[in-house]
Amino acid sequence: MPELPEVETTRRGIAPHVLGRRVVEVIVRQPRLRWPIPESLAGDLKGQPIEDVGRRGKYLLLHTGKGTAILHLGMSGSLRIVDADLAPRPHDHVDIRLDSGRALRLHDPRRFGALLWTRDDPLAHELLRELGPEPLGEDFDGDVLHAGLRARRCAIKLAIMDSHVVVGVGNIYASEALFRARIHPRRCAGALSRPACRRLAEVIREVLSEAVAQGGTTLRDFVKEDGEPGYFAQHLNVYDRAGLPCPACGKPVTRAVIGQRSSFYCTHCQR
DNA sequence: CCGGACGCCTGTCGGC
DNA sequence: TGCCGACAGGCGTCCG
């Protein structure tokens, strides 16, 4: 579920509660996520102060002096700050208890998320090493995007969802960005002109930063660290709006499957 | 190298 | 009411 705006919202939400706090205990109720939570992780984290909360793409990074916890929310994950003694609900797989009497609680019904540990530079971890540019960073623009798409014959929607091209763009924001750029999602990625790439890079930055400002998109499960939803869903132009009028021209929004994922677009506005 | 399909999981919803 | 298929914010892996 969570794309860059939801992960960044989570990062900002938890940071004030965990920064400088010491981990007093880690409770793993269900270690079987996408990959098993390493058995050593609880011992590695225990006693460590959390020095920084970072994000790379859709990965959250809890930095300590001894190493870094790498956390991914998968499709259905969320992190909340709770009182440490609040009874866990189903699918509350991990509690990272802090010396404040609260806990960082990982909830993930589908268990596509991950919680891993590295003693080394997390950016050198095999899951992060090959990631493309951060769309909200300074090294992402139309020229970078154009270069990343050049050799790709796949649909542009699939290309911008490929984390080697640019990180953080998932199924919702891919549809939304292509609508704003007036580009049909099936267009051949490598055939986009440089100006089209400039426009696309611009709207990717725009839609992601607007969504961050709204606390992300809540359609089903996503909640912020305080349990509240994000409010960007009301600003979606096409995603999950099949049959409803295009905000630009009024013709019904189309739903089609591209790469086994639902895509939403306007056949009149997007070419 | 690339593109495309497939799992991994659980929950929910719509149709019959 | 119950059952069954489709579908859901991701992504590594496998195959041609």
Side-chain angles (χ1 to χ4, degrees), chain A residues 1-11 29-37 55-60 70-79 89-93 106-116 125-132 135 148-178 185-191 204 207-208 210-212 214-224 229-236 238-243 255-264:
Chain A
M1 103 194 158
E3 305 181 37
L4 185 150
E6 292 73 38
V7 178
E8 177 62 18
T9 293
T10 299
R11 189 194 70 78
R29 300 185 191 85
Q30 169 58 276
R32 301 187 151 275
L33 304 185
R34 168 116 207 219
W35 296 282
I37 297 173
R55 179 187 59 74
R56 177 75 174 99
K58 298 174 189 170
Y59 292 90
L60 280 170
I70 300 174
L71 211 152
H72 196 287
L73 298 175
M75 284 281 268
S76 59
S78 58
L79 276 177
R89 307 189 59 201
H91 311 300
D92 285 343
H93 303 313
L106 175 65
H107 177 86
D108 184 8
R110 294 178 73 181
R111 289 192 272 127
F112 291 168
L115 177 55
L116 301 169
H125 190 277
E126 58 178 336
L127 289 174
L128 312 199
R129 197 173 32 200
E130 316 264 332
L131 292 178
L149 296 178
R150 172 156 286 172
R152 305 296 300 266
R153 308 291 308 164
C154 65
I156 183 60
K157 173 159 183 275
L158 299 180
I160 59 174
M161 290 175 65
D162 181 341
S163 62
H164 299 98
V165 173
V166 57
V167 296
V169 179
N171 206 35
I172 292 179
Y173 300 109
S175 279
E176 291 298 312
L178 291 169
R186 284 196 208 274
R187 282 267 296 282
C188 172
I204 286 172
V207 71
L208 294 178
E210 286 175 20
V212 169
Q214 295 289 314
T217 299
T218 297
L219 293 175
R220 281 165 271 279
D221 343 37
F222 177 70
V223 287
K224 299 189 287 177
Y231 294 113
F232 193 71
Q234 57 198 92
H235 300 275
L236 297 176
V238 288
Y239 186 83
D240 208 19
R241 296 180 56 81
R255 173 186 178 275
V257 175
I258 302 176
Q260 289 93 245
R261 312 290 303 275
S262 286
S263 303
F264 300 88

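Naming convention: chains lettered A, B, ... in sequence-line order (proteins, then strands); numbering from 1 in each chain.
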**Study point:** Distance, rounded to the nearest Å, where A/His125 contributes NE2 and C/dG12 contributes P
**Key:** 11 Å

Review point. Which part of the nucleic acid does A/Arg152 contact within heavy-atom distance under 4.0 Å: base, sugar-phosphate only, or nothing?
Key: sugar-phosphate

**Study point:** Terminal contacting nucleotides, 5' and 3', DNA chain B versus chain A (heavy atom, 4.0 Å)
**Key:** B/dG3 to B/dG11

Revision key, fill the gap. Rounded to whole Å, the CG-C1' distance (A/Asn171 to C/dA8) equals 9 Å

Check your understanding: Got a second to check how far A/Asp221's CG is from A/Met75's CE, nearest 0.5 Å?
Key -> 9.0 Å

Exercise for review: Indicate the atoms forming the closest heavy-atom contact of A/Leu236 with A/Arg241, along with that distance.
Suggested key: O-CD, 3.5 Å

Check your understanding: A/Arg153 near the nucleic acid: base, sugar-phosphate alone, or nothing, with a heavy-atom cut-off under 4.0 Å?
Key -> sugar-phosphate

Exercise for review: Check every strand shown and say whether A/Tyr59 touches a base, only sugar-phosphate, or nothing at a heavy-atom separation below 4.0 Å.
Suggested key: sugar-phosphate

Check your understanding: Rounded to whole angstroms, how far apart are CG on A/Asp240 and C1' on C/dA8?
Key -> 9 Å

Point to revise | Atom pair CD1 (A/Ile204) and CG (A/Leu178), whose distance is rounded to the nearest 0.5 Å | key: 7.5 Å

Check your understanding: Between A/Trp35 and A/Ala114, what is the shortest heavy-atom contact and its length?
Key -> CE3-CB, 3.8 Å

Review point. Expressed in whole Å, how much space separates the C1' atoms belonging to B/dG11 and C/dG12?
Key: 23 Å

Point to revise | Stems formed with participation of DNA chain C [Watson-Crick or G-U wobble, under 3.5 Å, three or more pairs] | key: B:2-8 with C:10-16, B:10-16 with C:2-8

Exercise for review: Return the set of residues passing ring pair (Phe, Tyr, Trp, His ring centres under 6.0 Å) with A/His235 (not counting sequence neighbours), or none when no residue passes.
Suggested key: A/Phe232

Exercise for review: Mind calculating the distance between CD (A/Glu126) and P (C/dC11) to the nearest angstrom?
Suggested key: 15 Å

**Study point:** A/Asp221 CG to C/dC7 P, straight-line distance once rounded to whole Å
**Key:** 18 Å

Check your understanding: Separation of A/Phe112 atom CZ from C/dC11 atom C1', in whole Å?
Key -> 10 Å

Practice item. Please tell me which of A/Arg34 and A/Pro90 maps to the more 5' nucleotide of DNA chain B, matching each residue to the nucleotide holding its nearest heavy atom. Key: A/Arg34

Check your understanding: What distance do A/Arg34 atom CZ and A/Asp108 atom CG have between them, rounded to the nearest 0.5 Å?
Key -> 12.0 Å

Check your understanding: Is A/Arg111 touching bases, backbone alone, or none of the nucleic acid, heavy atoms closer than 4.0 Å?
Key -> sugar-phosphate

Review point. More than 12 non-hydrogen atoms from neighbouring residues, nucleotides or ligands closer than 6.0 Å to CZ on A/Arg153, yes or no?
Key: no

Point to revise | Closest non-hydrogen atom pair, A/Gly132 against A/Val167 | key: O-CG1, 3.6 Å

Review point. Considering heavy-atom distances to DNA chain C, does A/His164 or A/Arg110 have its closest nucleotide positioned more toward the 5' end?
Key: A/Arg110

**Study point:** Atom pair CD (A/Glu130) and OG (A/Ser163), whose distance is rounded to the nearest 0.5 Å
**Key:** 9.5 Å

Practice item. Tell me what A/Ser262 touches on the nucleic acid: a base, only sugar-phosphate, or nothing, going by heavy atoms under 4.0 Å. Key: sugar-phosphate

Practice item. Provide, to the nearest angstrom, the distance between the CG atom belonging to A/Leu131 and the P atom belonging to C/dG10. Key: 14 Å

Practice item. For residues A/Asn171 and A/Lys157, report the shortest heavy-atom separation together with the two atoms involved. Key: OD1-NZ, 2.6 Å

Check your understanding: What is the distance from CD of A/Glu3 to C1' of C/dA8, rounded to the nearest Å?
Key -> 12 Å

